[in-house]
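Let me begin by presenting the structure, written as structure tokens, before commenting on it.
Here is the naming used below: chain letters follow the sequence lines, and residue numbers restart at 1 for every chain. Hydrogens, waters and symmetry mates are skipped; everything else that's a heavy atom, side chains included, is used.
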2 protein chains.
Amino acid sequence: MVTLRDVARMAGVSAKTVSRVVNDDPAVHSETRDAILAVIRQLDYVPDHAARMMRAGTSSVVGLMTDVVATTPYSVDIVRGAQDALRRDGRTLLIANTEGDRVLEREYWRMFRAHKVSGVIYATMYHRPLDLGEPEFARTIVLANCFSPKGDCPAIVPDDELGGYAQAAHLLRLGHRRIGIVSLNPVLRASVLRGAGFRTAFAEFDVPFEPDLERPGFTGPIGEEMIVAYEAALDLLRRPNRPTAIICGNDKIAMQVYGAAASLGLSIPQDLSVMGFDDMTVIAETLRPALTTVGLPYFEIGRRSVEIMAGLPAAPQAERHQPILVPCPLVERDSCRAIA
Amino acid sequence: MVTLRDVARMAGVSAKTVSRVVNDDPAVHSETRDAILAVIRQLDYVPDHAARMMRAGTSSVVGLMTDVVATTPYSVDIVRGAQDALRRDGRTLLIANTEGDRVLEREYWRMFRAHKVSGVIYATMYHRPLDLGEPEFARTIVLANCFSPKGDCPAIVPDDELGGYAQAAHLLRLGHRRIGIVSLNPVLRASVLRGAGFRTAFAEFDVPFEPDLERPGFTGPIGEEMIVAYEAALDLLRRPNRPTAIICGNDKIAMQVYGAAASLGLSIPQDLSVMGFDDMTVIAETLRPALTTVGLPYFEIGRRSVEIMAGLPAAPQAERHQPILVPCPLVERDSCRAIA
DNA sequence: CTGAAAGCGCTAACAG
DNA sequence: CTGTTAGCGCTTTCAG
């Protein structure tokens with residue numbers, strides 16, 4: 001293994017000077033620097049991470065604690081976003097998947113300590129409030145897709161209310177007035193917030209909000225819910241005065257709405273417009289017609305979590321944090337059409 | 001920060017003895033051990049990873065080099081499988097996503113070196129041959145979902161041929177004799193292997209293989225292909241003597257086949273049985289009826305990659321490796337039915 | 001079974 | 001601008 005000393009010897013300088021070059025310290029004569037750089041390249045020297053980190057007392061590793069985010073199709077983008085931001089300055093991400101297991105989570109906190117991670121991103125599968133308790137709060141933590149009601153941590157979450165507004169407003173603008181809703185589990189925070197967004201949009205267009213046109217697309221407790229969007233959609237579409245458009249709580253629901261519509265001989269978007277949520281490309285781009293939906297900005301959330309962490313003061317402040325809201329963009333495809 | 005010495009001082013022993021306890025060295029009096037363990041718990045001591053690794057010269061970190069695997073919905077399971085195996089003995093996974101970029105890949109190889117990773121799992125998105133070249137071959141590498149034609153690395157891949165056989169055999173057993181195929185891009189290795197599997201199954205049941213009943217579900221070059229399974233299925237289903245079942249190259253294709261069938265007023269599985277591949281739960285469990293499909297054993301591949309690495313000799317052998325084949329299990333749901 | 005000394009590769013602190 | 005010295009936290013000798 002090639003070490004700093006090998007480089008120093010070969011370049012005829014001291015170890016410290018090589019160290020300076022490796023760390024981009026400007027206080028090195030440019031000729032000396034070039035010579036050292038040449039030796040580094042020739043020997044293919046790579047600084048030892050462990051040694052640097054031991055000396056520095058901190059590491060270039062950031063921990064990502066998740067329940068199931070890192071391994072769930074539509075939220076891996078949080079990982080990608082964080083890695084993208086980290087990679088630019090040679091840092092790395094240590095990913096911990098608790099699968100919701102508290103014991104495992106504790107084990108991972110120790111692992112983070114062993115690795116002296118410089119910060120932790122705590123990401124959850126569902127947009128929800130979260131209480132981390134005290135023990136680990138000394139360290140730099142950023143909450144992603146969740147937030148602390150006490151406001152003791154910076155947090156970044158999707159703007160579900162605006163997302164709901166975008167869903168409804170788009171259909172209203174296209175002229176729809178009887179709009180059905182097949183929603184997420186109503187206890188979910190996302191569901192509540194989007195509901196508020198719908199109402200705002202409906203009010204703006206002077207369209208009364210008819211609770212009777214709304215059905216839950218899932219039943220059962222969170223975590224083991226069953227999807228019943230197919231039945232919900234059938235129910236909605238068999239009404240004497242059926243809706244001309246359906247807003248869905250996510251793209252899976254939209255997928256079942258497609259199926260229900262087809263079984264009734266209704267075609268999309270001629271007879272029915274469908275609006276999804278999540279922008280899971282696997283579904284949205286594969287459905288025929290391709291699904292118009294609202295995206296969850298997970299990549300952005302991951303990327304910005306790293307930025308927020310970088311901007312955090314070294315000592316924990318007493319300041320209260322408001323969750324940062326990231327907009328959910330409308331992704332227009334072919335499942336919504338304008339009506340008279 | 002609590003160090004080994006703090007524990008030693010408090011327990012009234014030398015640092016080395018504490019080190020022995022931490023490393024499960026049996027040569028410690030059990031009373032001494034218990035006393036030390038108590039102090040460790042009391043002080044909440046966590047051994048410093050960097051220091052250990054520096055001394056040991058190797059680390060407990062394994063690198064995962066991927067093209068897009070780690071961030072692709074249906075292959076994140078490789079990551080989960082590998083992490084699951086590593087976690088059991090306190091090791092961790094350093095994930096590198098090259099997104100197919102050679103420059104980035106080289107950067108990541110250096111990162112792996114800096115971290116002194118004890119081994120590397122090289123996983124690809126598609127089951128394919130791969131030439132890694134020479135430079136990094138000194139280290140311990142396991143190929144996952146790909147293999148080296150030269151056989152200079154251990155490799156583990158899904159048994160696509162058997163998977164194809166399972167798809168066809170299941171339908172044949174249910175009595176189907178006119179079976180359509182909407183396949184993957186035919187240049188893909190998976191496609192070729194599964195084709196061989198189909199033929200074996202057809203031959204066993206004395207059913208002639210009709211090339212005319214096969215259509216590609218994707219067109220265009222790999223990486224930017226377009227899905228045209230909908231049209232392919234329409235074409236197949238409009239034939240005078242339409243197939244009673246369709247085998248799909250993946251679950252996305254199956255999704256479009258569902259759409260095509262619905263548009264023709266055909267219902268699944270009464271009028272048509274559909275068989276998927278991949279077992280992407282997002283699709284397979286959401287389709288109505290739920291999709292019978294064949295699973296890609298990615299979790300297993302990830303898990304076993306770690307095991308294979310552990311069993312590798314320290315010095316690279318000249319021996320030739322045959323790729324290890326992992327079976328693809330049939331996952332029965334509701335989209336296939338028996339016919340007379 | 002236990003301890004003392006040495007040193008892994010690197011950088012902070014301080015001189016020159 | 002460059003070098004010297006010391007030491008991060010741990011484990012490997014090698015002695016007790």
Side-chain angles (χ1 to χ4, degrees), chain A residues 1-40 43-61 90-91 110-118 314, chain B residues 1-37 39-40 43-61 90-91 110-118:
Chain A
M1 200 194 141
V2 183
T3 75
L4 201 61
R5 307 179 89 85
D6 297 328
V7 177
R9 200 169 325 137
M10 186 140 175
V13 295
S14 78
K16 180 64 207 182
T17 306
V18 178
S19 171
R20 286 198 176 93
V21 171
V22 170
N23 291 285
D24 287 323
D25 184 331
V28 177
H29 199 85
S30 68
E31 282 173 30
T32 319
R33 152 175 284 109
D34 291 345
I36 292 173
L37 248 19
V39 175
I40 287 179
L43 260 37
D44 196 14
Y45 164 69
V46 178
D48 183 306
H49 175 81
R52 298 180 101 169
M53 162 170 159
M54 191 160 98
R55 201 65 268 247
T58 177
S59 87
S60 62
V61 179
R91 290 147 81 206
R110 309 189 89 226
M111 189 181 90
F112 283 175
R113 272 219 283 157
H115 283 258
K116 290 213 193 80
V117 297
S118 58
Chain B
M1 200 194 140
V2 183
T3 75
L4 199 62
R5 307 179 88 85
D6 298 328
V7 176
R9 200 168 324 137
M10 187 142 176
V13 295
S14 78
K16 179 60 210 182
T17 306
V18 178
S19 171
R20 286 201 176 90
V21 171
V22 170
N23 291 285
D24 288 322
D25 184 330
V28 178
H29 200 85
S30 68
E31 283 173 30
T32 320
R33 155 176 281 106
D34 291 345
I36 292 173
L37 248 20
V39 175
I40 286 178
L43 260 36
D44 196 15
Y45 164 69
V46 178
D48 184 305
H49 174 80
R52 295 182 104 167
M53 161 169 158
M54 192 158 98
R55 202 66 265 249
T58 177
S59 88
S60 61
V61 179
R91 291 148 81 205
R110 309 189 89 225
M111 188 181 90
F112 284 174
R113 270 220 282 159
H115 283 258
K116 291 213 193 80
V117 297
S118 59

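Atom-to-atom, CG of B/Leu4 to P of D/dC8 comes out at 13 Å; the value is rounded to the nearest Å. Atom CG in A/Asp24 sits about 15 Å away from atom C1' in C/dT11, given to the nearest Å. Atom-to-atom, CG of B/Asp25 to P of D/dT11 comes out at 11 Å; the value is rounded to the nearest Å. Here C/dC1 presents its P atom at 13 Å from CD1 of B/Ile36, a figure rounded to the nearest Å. Spacing between atom CG of A/Asp34 and atom C1' of D/dC1 amounts to 15 Å, rounded to whole angstrom units. In this structure, B/Asn23 atom CG and C/dC1 atom P are separated by 17 Å, rounded to whole Å. Distance, A/Met1 CE to C/dC10 C1': 10 Å, rounded to whole Å. One can place CG of A/Leu43 at 14 Å from P of C/dG9, the figure rounded to the nearest angstrom.
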Between the protein and nucleotides 14-16 of chain C, list the N/O to N/O atom pairs that are separated by less than 3.5 angstrom.
none

Close N or O pairs between protein and nucleotides 5-7 of chain D (under 3.5 Å):
from, atom 1, to, atom 2, distance (Å)
D/dG7, N2, A/Arg55, NE, 3.2
D/dG7, N2, A/Arg55, NH1, 3.0

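To the nearest 0.5 Å, atoms CZ (B/Arg33) and CD1 (B/Ile36) are separated by 8.5 Å. Rounding to the nearest 0.5 Å places OG of A/Ser14 at 13.0 Å from CZ of A/Arg9. The structure places CD1 of B/Ile40 at 8.0 Å from CG of B/Leu4, a figure rounded to the nearest 0.5 Å. Rounding to the nearest 0.5 angstrom, the gap separating the OG atom in A/Ser60 from the CZ atom in A/Arg52 is 8.0 Å. Interatomic distance, B/His49 NE2 to A/His49 NE2, rounded to the nearest 0.5 Å: 7.0 Å. Atoms CG and CE, from B/Leu43 and B/Met1 in turn, are 11.5 Å apart once rounded to the nearest 0.5 Å.
Positionally, the nearest nucleotide of DNA chain C for B/Ser14 lies more toward the 5' end than for the other of A/Arg52 and B/Ser14. Toward the 5' end of DNA chain C, the nearer of the two residues A/Tyr45 and B/Pro26, judged by each one's closest nucleotide, is B/Pro26.
For the pairing with B/Val18, the side-chain contact (heavy atoms from CB on, under 4.5 Å) check across B/Val7, B/Thr3, B/Leu37 returns one residue only, B/Val7.
Comparing atom distances between the B/Met54 side chain and each of D/dC10, C/dC10, D/dG9 picks out D/dG9 as nearest.
Taking only side-chain nitrogens and oxygens, B/Thr17 comes nearer than 4.0 Å to OP1 or OP2 of C/dG3. Residue B/Thr32 places no side-chain N or O under 4.0 Å from the OP1 or OP2 atom of C/dC1. Put simply, B/Thr3 has no side-chain N or O that comes within less than 4.0 Å of OP1 or OP2 on D/dG9. Side-chain N/O atoms of A/Ser19 include none lying less than 4.0 angstrom from OP1 or OP2 on C/dC10.
When atom types are taken as modelled, the side chain of A/Ser59 and the backbone of A/Met53 share no donor-acceptor pair closer than 3.5 angstrom. Side-chain atoms of B/Asn23 do not come within 3.5 Å of backbone N or O of B/Asp25 as any donor-acceptor pair.
Residue B/Val13 is classed as a sugar-phosphate contact, given heavy-atom separations below 4.0 Å to backbone atoms only.
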### Task
Start with the C-alpha distance between B/Thr32 and B/Arg20, add both sets of side-chain angles, then the distance that settles side-chain contact (heavy atoms from CB on, under 4.5 Å), and finish with yes or no.
CA-CA 11 Å; B/Thr32 320; B/Arg20 286 201 176 90; over 6 Å; no
